[in-house]
Amino acid sequence: MNSYQLLQQYMCTHFPNVGTCKPLFYNMPIGIRFEIGNPDFNVTVENGYMEQVYHRSIELFKEIHSNSDELFLIVNAHRHFGLPSISKSKRVNVFKKYIKDKNLLYKLNAVELPYIYDKEEMEFRTYQYVLRCKVADIRYSSLLRAIGNQDMGVRPKVFDECFFINTTRHTIFNLYDDRGLDIASNCKGTLKELYIKYNDWILDYDREQIDEIFST
């Protein structure tokens, strides 16, 4: 089986009826939504706002991943139907820049899907890229910085959606932009220490729901 087929098999077994799309936290029964950027800051590069974005996203990633863990790295690229299609050979920048061993890219699978946020929407389509690798194969610190930069006047930027599915620990990690990130699992015990250690980083808007998950 190729990487895409292995991903489908894994998700059916460990995360049934869950898709790799945003908002991950609201699509999962067990998860935490963290506040990454400081909402009290003016959103500028100069005042140190982005330093907190980088620090928190990288710290949380390190907390739930080890270099030897097996991953599916999934990238969703959404394109207008009128634009030229994206072939596997025209890989998105995530794979050009942030995978250390380019030989791994021979295992990369790309599929064209209906627009995942509205299958009736005919103006857009989604290209989903799936790579099976280890955490150590990814320049994850640089990649997380680039995802955080997507709405900021600073480069490099990654606009496409990235999901890190850890098949060793059964977690899903999605930094959606400089405001926040979601971490989900199929087991409360996997995230309990994260919930305790980084409790003051939890997004207050969703705190009541998150507290309820981990208090029962």
Side-chain angles (χ1 to χ4, degrees), residues 7 10-11 14-15 18 20-25 27-28 30-38 48-76 92-101 104 129-152 154-203 206 210 214:
L7 170 66
Y10 173 82
M11 294 297 287
H14 297 280
F15 294 96
V18 174
T20 49
C21 58
K22 300 186 295 186
L24 179 64
F25 173 74
N27 294 333
M28 295 286 294
I30 302 170
I32 308 175
R33 174 159 279 200
F34 290 101
E35 188 166 64
I36 300 303
N38 188 334
Y49 171 84
M50 292 306 297
E51 291 308 312
Q52 177 176 303
V53 172
Y54 303 149
H55 169 70
R56 288 192 176 187
S57 58
I58 294 169
E59 183 79 7
L60 289 167
F61 189 93
K62 288 180 177 179
E63 190 70 28
I64 62 162
H65 297 89
S66 294
N67 280 337
S68 60
D69 288 351
E70 297 278 353
L71 284 182
F72 285 110
L73 174 58
I74 300 166
V75 176
N76 293 330
V92 291
N93 284 337
V94 171
F95 300 103
K96 291 179 181 177
K97 295 182 178 180
Y98 302 107
I99 300 301
K100 297 176 185 177
D101 182 0
L104 277 175
Y129 296 79
V130 181
L131 179 67
R132 196 178 186 195
C133 60
K134 292 184 182 294
V135 172
D137 296 322
I138 304 171
R139 296 186 176 91
Y140 61 82
S141 294
S142 298
L143 176 53
L144 293 172
R145 284 172 168 261
I147 296 169
N149 289 341
Q150 63 183 264
D151 293 326
M152 307 297 293
V154 60
R155 293 183 179 276
K157 299 173 185 278
V158 168
F159 291 101
D160 298 315
E161 299 167 356
C162 297
F163 294 84
F164 302 84
I165 299 183
N166 188 322
T167 59
T168 303
R169 306 191 187 204
H170 305 306
T171 59
I172 307 177
F173 181 106
N174 171 237
L175 172 64
Y176 49 87
D177 57 28
D178 61 277
R179 295 169 298 170
L181 69 80
D182 294 337
I183 302 175
S185 179
N186 59 3
C187 174
K188 283 190 279 190
T190 303
L191 301 184
K192 187 63 180 285
E193 185 176 344
L194 199 72
Y195 166 75
I196 295 169
K197 185 174 180 179
Y198 297 96
N199 196 272
D200 58 337
W201 292 5
I202 290 173
L203 184 67
D206 296 300
I210 295 166
F214 292 96

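Computed over heavy atoms, backbone and side chain alike; hydrogens, waters and symmetry mates excluded. Source: prediction; values computed, not measured.
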Check whether any side-chain heavy atom of [X] sits under 4.5 Å from a side-chain heavy atom of [Y], and report yes or no.
X      : Y      : result
Ile165 : His14  : no
Trp201 : Leu60  : yes
Phe163 : Lys22  : yes
Tyr98  : Pro156 : yes
Met28  : Phe15  : yes
Val135 : Thr168 : no
Val158 : Lys97  : no
Arg145 : Ile58  : yes

Is it true that Arg179 and Glu35 have a side-chain N and a carboxylate O under 4.0 angstrom from each other?
no
### Message
Between Lys100 and Asp137, does any side-chain N to carboxylate O distance fall below 4.0 Å?
### Response
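Salt bridge absent between Lys100 and Asp137.
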Where do [X] and [Y] come nearest, in terms of heavy atoms and distance?
X      : Y      : value
Phe173 : Leu144 : CE2-CD2, 3.8 Å
Leu175 : Ser57  : CD2-CB, 4.1 Å
Gly31  : Phe25  : O-CE1, 3.4 Å
Tyr10  : Asn166 : OH-O, 3.7 Å
Asp69  : Ile64  : OD2-O, 4.2 Å
Arg169 : Ser185 : O-OG, 4.5 Å

Inter-residue atom distance [X].[atom1] - [Y].[atom2], 0.5 Å rounding:
X      : Y      : atom1 : atom2 : result
Asn199 : Phe214 : CG    : CZ    : 10.0 Å
Ile172 : Phe72  : CD1   : CZ    : 11.5 Å
Ser142 : Tyr54  : OG    : OH    : 10.5 Å
Asn174 : Ile183 : CG    : CD1   : 10.0 Å
Cys133 : Ile138 : SG    : CD1   : 4.0 Å
Leu71  : Thr167 : CG    : OG1   : 7.0 Å

_Keeping Gln52 on the side-chain end and Ile36 on the backbone end, is there a donor-acceptor pair under 3.5 Å?_
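At least one qualifying donor-acceptor pair exists.
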Strictly by modelled atom types, are Tyr140 and Asn67 linked by a side-chain donor-acceptor pair under 3.5 Å? no
* Which is it for Val94 and Leu73 under the side chain to side chain contact (heavy atoms under 4.5 Å, CB included) test, yes or no, and what are the steps along the way? -> CA-CA 10 Å; Val94 171; Leu73 174 58; 4.0 Å; yes
**Asked** Under the side-chain hydrogen bond (donor to acceptor under 3.5 Å, both in side chains) criterion, do Tyr49 and Asp178 qualify, and how do the steps go?
**Response** CA-CA 9 Å; Tyr49 171 84; Asp178 61 277; 2.4 Å; yes
- Residues, nucleotides or ligands: over 12 heavy atoms within 6.0 Å of Glu193 CD: no
Subject >> Aromatic ring proximity, centroids under 6.0 angstrom, Phe164 and Phe61 >> reply: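 Centroid separation for Phe61 and Phe164: below 6.0 Å.
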